[in-house]
Every structure is written in C-alpha cells, then in structure tokens.
Amino acid sequence: MAVENTTWRNNVWLVWFYIVFPITVLIDLQEVIYPPSLLVPVDAPLHFAYKAKQDYIAQYNDPIVQWSPETASGHDSWMGLFIHLEFFFLLPVMIYAMYKMGIRQKGTSGPDELLLFVYALYTALTTVVCIYDSFYWDKTIWTDESQLWTLRSAFYAPFVFIPLLGAFDMGSRILSRFKAADAAAEAKKVE
C-alpha cells in the first residue's frame with residue numbers, strides 16, 4: 001500500500017483549490033461548459049457569473065479573458081490550447097485533489113504528488129506566458145497604465161507565485177520519497 005503524506009500543507013492546497021475551482025468553472029470556462037441560455041439572459045441561473053466576467057472585462061479590458069476563436073485571428077491562438085488544457089487537465093486535477101484531500105481526507109501518495117507538481121508548474125508557466133504577452137498589448141486601450149499593472153500584479157501574479165510554492169512543496173515531498181527509497185535500498189545492501 002502506498003504511503004500517504006498527510007500534512008498541514010494539504011489544507012493549504014485545499015484552500016487554493018476551493019478558491020480557484022469556482023473561478024475556473026464560473027468564469028474561465030463559461031463558453032466551454034455552459035450554453036449561452038444559462039448565462040446571458042438576466043433571469044438565467046448563471047447570469048451572476050456572466051455579469052461578473054463582463055464587469056471584470058469592463059474594468060480591466062483584459063484581452064485574454066475576452067479571447068474566443070472568433071477574436072483570435074492569428075493572435076493569441078495559444079489561448080485556445082490553454083482553455084482546452086484547463087478543461088481537460090486542470091479541472092479534473094482540481095476535482096480529484098479536492099475529493100482526495102478534502103472529502104476523503106487522505107494524504108498524498110507519490111503519484112498524487114507528481115500530478116500536483118505538474119499541475120502547479122503548468123499553472124505557473126501558462127500564467128507567465130499570459131503576463132509576458134501583456135507587455136505586447138496595445139497600450140492605447142488602457143486609459144491608465146496602473147490598470148495594466150493591477151491586472152498583472154493582482155490578477156496574474158498570484159497564479160504564478162502560489163503555484164510555484166505548491167510545486168516546491170510537491171517537489172520536496174517527491175524528493176523525500178526518493179531519499180527514503182535510496183536509504184532503504186542502501187540499508188538492504190548492508191544486510
């Protein structure tokens with residue numbers, strides 16, 4: 001049976017997932033998951049999420065959040081890939097981790113730690129791509145340069161730094177497993 005790593009850091013991961021999961025399913029993946037009839041009409045059950053996204057767009061004019069295949073026209077074509085990977089990889093990983101650590105209240109096994117390590121690195125790396133891209137956006141669409149700074153620092157930067165801390169956490173757990181396996185193998189040689 002696999003050794004499961006239970007630590008207070010699992011609760012930190014859960015807090016992260018409990019914050020990010022609603023953002024993912026209600027904002028980021030609106031067009032992928034829900035038909036417009038559930039979002040757009042004022043009396044639609046998910047209109048609050050649609051309105052939140054539209055308010056964010058009105059406030060920050062974020063081209064990444066406004067991206068669609070129709071608006072891509074060769075620029076930011078990578079966003080379609082990011083959105084599909086968010087749906088097919090990040091979302092299932094979040095659901096699995098919340099189930100395993102939250103509902104079942106189990107620790108992480110070696111494969112779980114590797115999965116969350118990849119999740120964290122992927123999240124950080126794709127967000128770095130978005131931040132990098134923001135330096136090439138048309139500056140004339142922002143009336144105030146501080147809006148762009150707020151967008152980068154308040155909305156994008158946490159999705160780089162927090163996942164990097166998570167990657168460090170999972171990397172250290174994996175390294176501990178390697179060290180324990182090496183020590184056990186060394187002890188067996190001595191016997």
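Numbers for residues simply follow the sequence, beginning at 1.
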Has [X] got more than 12 heavy atoms of other residues, nucleotides or ligands less than 6.0 Å from its [atom1]?
{"X": "Phe48", "atom1": "CZ", "result": "yes"}
{"X": "Tyr18", "atom1": "OH", "result": "yes"}
{"X": "Phe168", "atom1": "CZ", "result": "no"}
{"X": "Lys188", "atom1": "NZ", "result": "no"}

Would you say [X] and [Y] are hydrophobically clustered, going by side-chain heavy atoms of ILVMFWY under 4.5 Å?
{"X": "Tyr122", "Y": "Phe88", "answer": "yes"}
{"X": "Phe89", "Y": "Leu29", "answer": "yes"}
{"X": "Leu90", "Y": "Val12", "answer": "no"}
{"X": "Leu125", "Y": "Val118", "answer": "no"}
{"X": "Val129", "Y": "Leu85", "answer": "yes"}

Quick one: list whatever passes side chain to side chain donor-acceptor pair (under 3.5 Å) with Asp144, sequence neighbours left out.
Ser146

Between Ile103 and Met98, does the side chain to side chain contact (heavy atoms under 4.5 Å, CB included) criterion hold? Intermediate values first, please.
CA-CA 7 Å; Ile103 295 170; Met98 289 187 297; over 6 Å; no

Value rounded to 0.5 Å, distance of [atom1] in [X] from [atom2] in [Y]:
{"X": "Gln105", "Y": "Asn11", "atom1": "CD", "atom2": "CG", "value": "8.5 Å"}
{"X": "Lys51", "Y": "Leu39", "atom1": "NZ", "atom2": "CG", "value": "14.0 Å"}
{"X": "Thr24", "Y": "Ile33", "atom1": "OG1", "atom2": "CD1", "value": "8.5 Å"}
{"X": "Gln30", "Y": "Ile83", "atom1": "CD", "atom2": "CD1", "value": "11.0 Å"}
{"X": "Ile64", "Y": "Thr126", "atom1": "CD1", "atom2": "OG1", "value": "10.0 Å"}
{"X": "Leu91", "Y": "Asp28", "atom1": "CG", "atom2": "CG", "value": "10.0 Å"}

Over all heavy atoms of both residues, which pair between [X] and [Y] is shortest? Give the atoms and the distance, please.
{"X": "Pro41", "Y": "His47", "answer": "O-ND1, 3.3 Å"}
{"X": "Thr123", "Y": "Pro163", "answer": "CG2-CG, 3.6 Å"}
{"X": "Gly166", "Y": "Ala120", "answer": "C-CB, 4.1 Å"}

Backbone N/O of Phe135 and side chain of Lys139: donor-acceptor pair under 3.5 Å
yes

Is a side-chain donor or acceptor of Tyr34 paired with a backbone partner of Val25 at a separation under 3.5 angstrom?
yes

Using the six-membered ring of Phe117, assess whether NZ or CZ of Arg173 lies under 6.0 Å from its centre and within 45 degrees of the ring axis.
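That pair does not qualify as a cation-pi contact.
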
Go through Val160 and Ile131 one step at a time and tell me if the side chain to side chain contact (heavy atoms under 4.5 Å, CB included) criterion holds.
CA-CA 9 Å; Val160 174; Ile131 292 171; 3.8 Å; yes

Salt bridge between Arg177 and Glu113, side-chain N to carboxylate O under 4.0 Å?
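A salt bridge links Arg177 with Glu113.
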
Below 4.0 angstrom, N of the basic side chain to O of the carboxylate: do Glu186 and Lys179 qualify?
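Salt bridge: no.
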
Sole candidate of Trp137, Tyr156, Trp67 that passes side chain to side chain donor-acceptor pair (under 3.5 Å) when paired with Asp62:
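Among Trp137, Tyr156, Trp67, the one that satisfies the side chain to side chain donor-acceptor pair (under 3.5 Å) with Asp62 is Tyr156.
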
Please report whether the ring centroid of His84 lies less than 6.0 Å from that of Phe87.
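Here the rings of His84 and Phe87 have centres that are no less than 6.0 Å from each other.
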
Is the distance between the ring centroids of Phe159 and Phe155 under 6.0 Å?
no

Does the side chain of Val65 reach to within under 4.5 Å of the side chain of Gln54, using non-hydrogen atoms?
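Result no, sub-4.5 Å side-chain heavy-atom pair not found.
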
Is it the case that the side chains of Asp55 and Tyr60 hold a donor-acceptor pair, with the cut-off being a distance below 3.5 Å and no angle test?
no

State whether a side-chain donor-acceptor pair under 3.5 Å links Gln66 with Asn61.
yes

With Phe17, which residues qualify under ring pair (Phe, Tyr, Trp, His ring centres under 6.0 Å), at least two apart?
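Listed in chain order: Trp13, Tyr119.
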
Verdict with supporting geometry, Ile27 and Tyr56, side chain to side chain contact (heavy atoms under 4.5 Å, CB included):
CA-CA 10 Å; Ile27 305 297; Tyr56 170 82; over 6 Å; no

Evaluate the criterion side chain to side chain contact (heavy atoms under 4.5 Å, CB included) for residue pair Asn10 and Thr7; output intermediate values, then yes/no.
CA-CA 6 Å; Asn10 289 354; Thr7 172; 3.7 Å; yes

I'd like to check the salt bridge (Lys or Arg N to Asp or Glu O under 4.0 Å) partners of Asp112; sequence neighbours left out, ordered by chain and number.
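If we apply the salt bridge (Lys or Arg N to Asp or Glu O under 4.0 Å) test to Asp112, skipping adjacent residues, the hits are Lys100.
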
